[in-house]
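This report concerns only the one structure given below.
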Amino acid sequence: MTVPSLPLTLDRGSAEPLGRQLADRVRDHVVTGALAVGRRLPSTRALATDLGVSRSVTEHAYDQLTAEGWLETRHGSGTYVAAGAAPRPRSRTTHARTGTSELLRLDTGTPWIDPRHTAAWRRAWRDVSAATPPRGYDDPAGLLDLRVELAGHLARTRGLTCDPDEILVTSGTIGGLSQVLGALPPGPVAHEDPGYRAAAEAIRAAGREIRDIPAAEPVTDLTGCSAAYVTPAHQHPLGPVMPGSDRLALIAAARRAGAVVIEDDYDSEFRYDVAPVPALAALDRDVVAYLGTTSKTVAPSMRLGWLVAPSDLHQRILARREITHDAPAWPVQRAFVSLLRDGYVDQVVRSARRIYAARAARVLAALRPYADPVAPVAGMYVTVPMPHARALRAAGVAAKAGFEVPLLGDYCRTSRRTGLIVGFGGVTDDELDRALAAVAEGLG
Ligand SMILES: Cc1ncc(COP(=O)(O)O)c(C=O)c1O
């Protein structure tokens, strides 16, 4: 049996120790079956050389995985995937593994999808199966029918008027962000701190430096930056809406610096009380690149979104896509057209908005006696600032009850905010109540 070469990448900029990162990557390969039972792994020395890390890093990872039962050492012959480590299915979005036990994560990004709407979902896919796919690569901007639907949707719900030809269909927010970053002139990208971790990863992956800007504070200087990534409708993860004066200041700063503002509008549909605030891009289409997603309304696994960019940026991205064909899969685009036309998206948004408002109220009622949660105006999580030690204690009690509650500190780069973030989209009411009872016990 040959020693496999492992496609592993480690993030040297991350605060997570390299040994732990490596153990996580190798464990993932075993769990998914990419490394089958009985496969021999590279020696710790060879892997350390491949990865350019010290041997103690690879030894630490192998020791950890051996202790967990994923790997076994055969004397004189090497390290192998252990006989009992058969791959097993697991939900990557709602469960986080700590050691070998599974916790139900109160994820900030997992939406609640009303099961009553499954008939429309099935109709959409029947529609796709009856349609004829394009013979060659389809329109590099994305399906025209979808762009027409989206133009109407954006004008109706986000106050953003644009032509279907000004829209690019993307593989979710992160797909769109990566394409924007690939088409901008060199330079650092300003990013809210604390902020969306996937965006930070995408910025780093594009080979760009991140300039931390304090979240939920006015941005007045973007000198030297090629872009600023922001979440103005609902700052992730602190929660507030960017006030009008801050919006104008941000746009003015971007204009002065010759930078693009990248607006991530991930969940503004889910305002509990009033209609969503208009998109930042509605104020200045020449400076703002607007990103929308189906991840909260339909499902994160759709990997579908849209981008409305200033025209020169749009042209650069489109020209590249004409060569690379880097547009989302046609069946997914086609299904989303059906979901929009059928009224599915409006229905799920309406019912989820009611559920989120009720669950947010539940979280506030459960935790207010012990902490000072930020009452959310929208979306599927409540941020609960508190000293780190308290947050850790509460998260620890929740973990014993079977729940992983995200720590606010995990979303910080240079800022020092601490607390918990209670996501309530991906759990049932009963699970939420049990998790809240555990958190309350940890805080009491
Ligand atoms: C701030 C923010 N932006 C965007 C997204 C969705 O990203 P994508 O469309 O790539 O799934 C999420 C999902 O959790 C998010 O929290």
Side-chain angles (χ1 to χ4, degrees), residues 91-94 96 105-113 142 146 150 158 167-182 189-206 210 213 215-216 227-242 261-271 276 279-281 289-308 326-329 332-333 336 345 349 352 356 376-383 404 406 408 410-413 421-427:
S91 159
R92 295 178 61 85
T93 51
T94 55
R105 181 173 162 88
L106 271 69
D107 193 60
T108 61
T110 306
W112 179 81
I113 303 291
L146 175 52
L150 284 172
R158 312 296 299 112
I167 299 176
L168 293 170
V169 183
T170 65
S171 299
T173 309
I174 292 301
L177 174 61
S178 302
Q179 293 195 336
V180 167
L181 295 171
V189 174
H191 182 6
E192 299 164 323
D193 181 19
Y196 186 35
R197 292 183 296 182
E201 275 314 308
I203 296 167
R204 287 195 201 100
I210 295 177
I213 44 176
Y229 160 90
V230 287
T231 45
H234 185 207
Q235 203 282 325
H236 177 87
L238 297 182
V241 179
M242 189 184 285
V261 177
I262 304 171
E263 174 181 19
D264 175 358
D265 186 22
Y266 63 107
D267 72 349
S268 64
E269 294 92 338
F270 300 107
R271 280 290 296 226
L280 184 65
Y290 172 90
L291 291 166
T293 180
T294 61
S295 286
K296 308 293 165 193
T297 52
V298 182
S301 51
M302 286 280 279
R303 306 312 307 136
L304 197 69
W306 43 93
L307 163 67
V308 182
D326 197 5
V332 175
Q333 296 191 55
F336 190 53
V345 176
V349 166
Y356 293 155
V377 291
M380 52 207 82
Y381 61 85
V382 176
T383 308
E404 181 185 343
L408 177 54
D410 288 346
Y411 296 77
C412 297
R413 293 183 303 278
I421 311 179
V422 180
F424 48 73
V427 288

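Start at 1 and go down the list; that is how both ligands and their atoms are numbered. Residue indices begin at 1 and follow the sequence shown. In this text, all values refer to a predicted model and were calculated from it rather than measured experimentally.
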Are any of the N/O atoms on [X], whether in the backbone or the side chain, positioned under 3.5 angstrom from an N/O atom of ligand 1?
| X | answer |
| --- | --- |
| Arg303 | yes |
| Tyr229 | no |
| Ser171 | no |
| Ile174 | yes |
| Tyr266 | no |

Decide yes or no for [X] and [Y]: does some side-chain heavy atom of the first lie under 4.5 Å from some side-chain heavy atom of the second?
| X | Y | result |
| --- | --- | --- |
| Ser295 | Pro111 | no |
| Tyr196 | Ile174 | yes |
| Asp107 | Pro406 | no |
| Trp306 | Thr294 | yes |
| Pro194 | Leu238 | yes |
| Ile421 | Tyr411 | yes |

For [X], counting its heavy atoms only, list the atoms of ligand 1 lying under 4.0 Å from any of them.
| X | answer |
| --- | --- |
| Gly109 | 14 (O) |
| Asp264 | 1 (C), 2 (C), 3 (N), 4 (C) |
| Gly172 | 9 (O), 10 (O) |
| Tyr196 | 1 (C), 2 (C), 3 (N), 4 (C), 5 (C), 6 (C), 7 (O), 12 (C), 13 (C), 14 (O), 15 (C), 16 (O) |

With under 30° as parallel and over 60° as perpendicular, where do the rings of Tyr381 and His234 fit, or are they tilted in between? parallel
Please report which non-hydrogen protein atom sits nearest to atom 14 (O) of ligand 1, along with the residue it belongs to and the distance in Å to one decimal place. Lys296 NZ, 2.7 Å
Can you name the one residue among His236, Glu192, Gln235 that meets side-chain contact (heavy atoms from CB on, under 4.5 Å) with Val230? Glu192
Taking heavy atoms and a distance under 4.0 Å, where does Ser295 meet ligand 1: side chain, backbone, both or neither? side chain
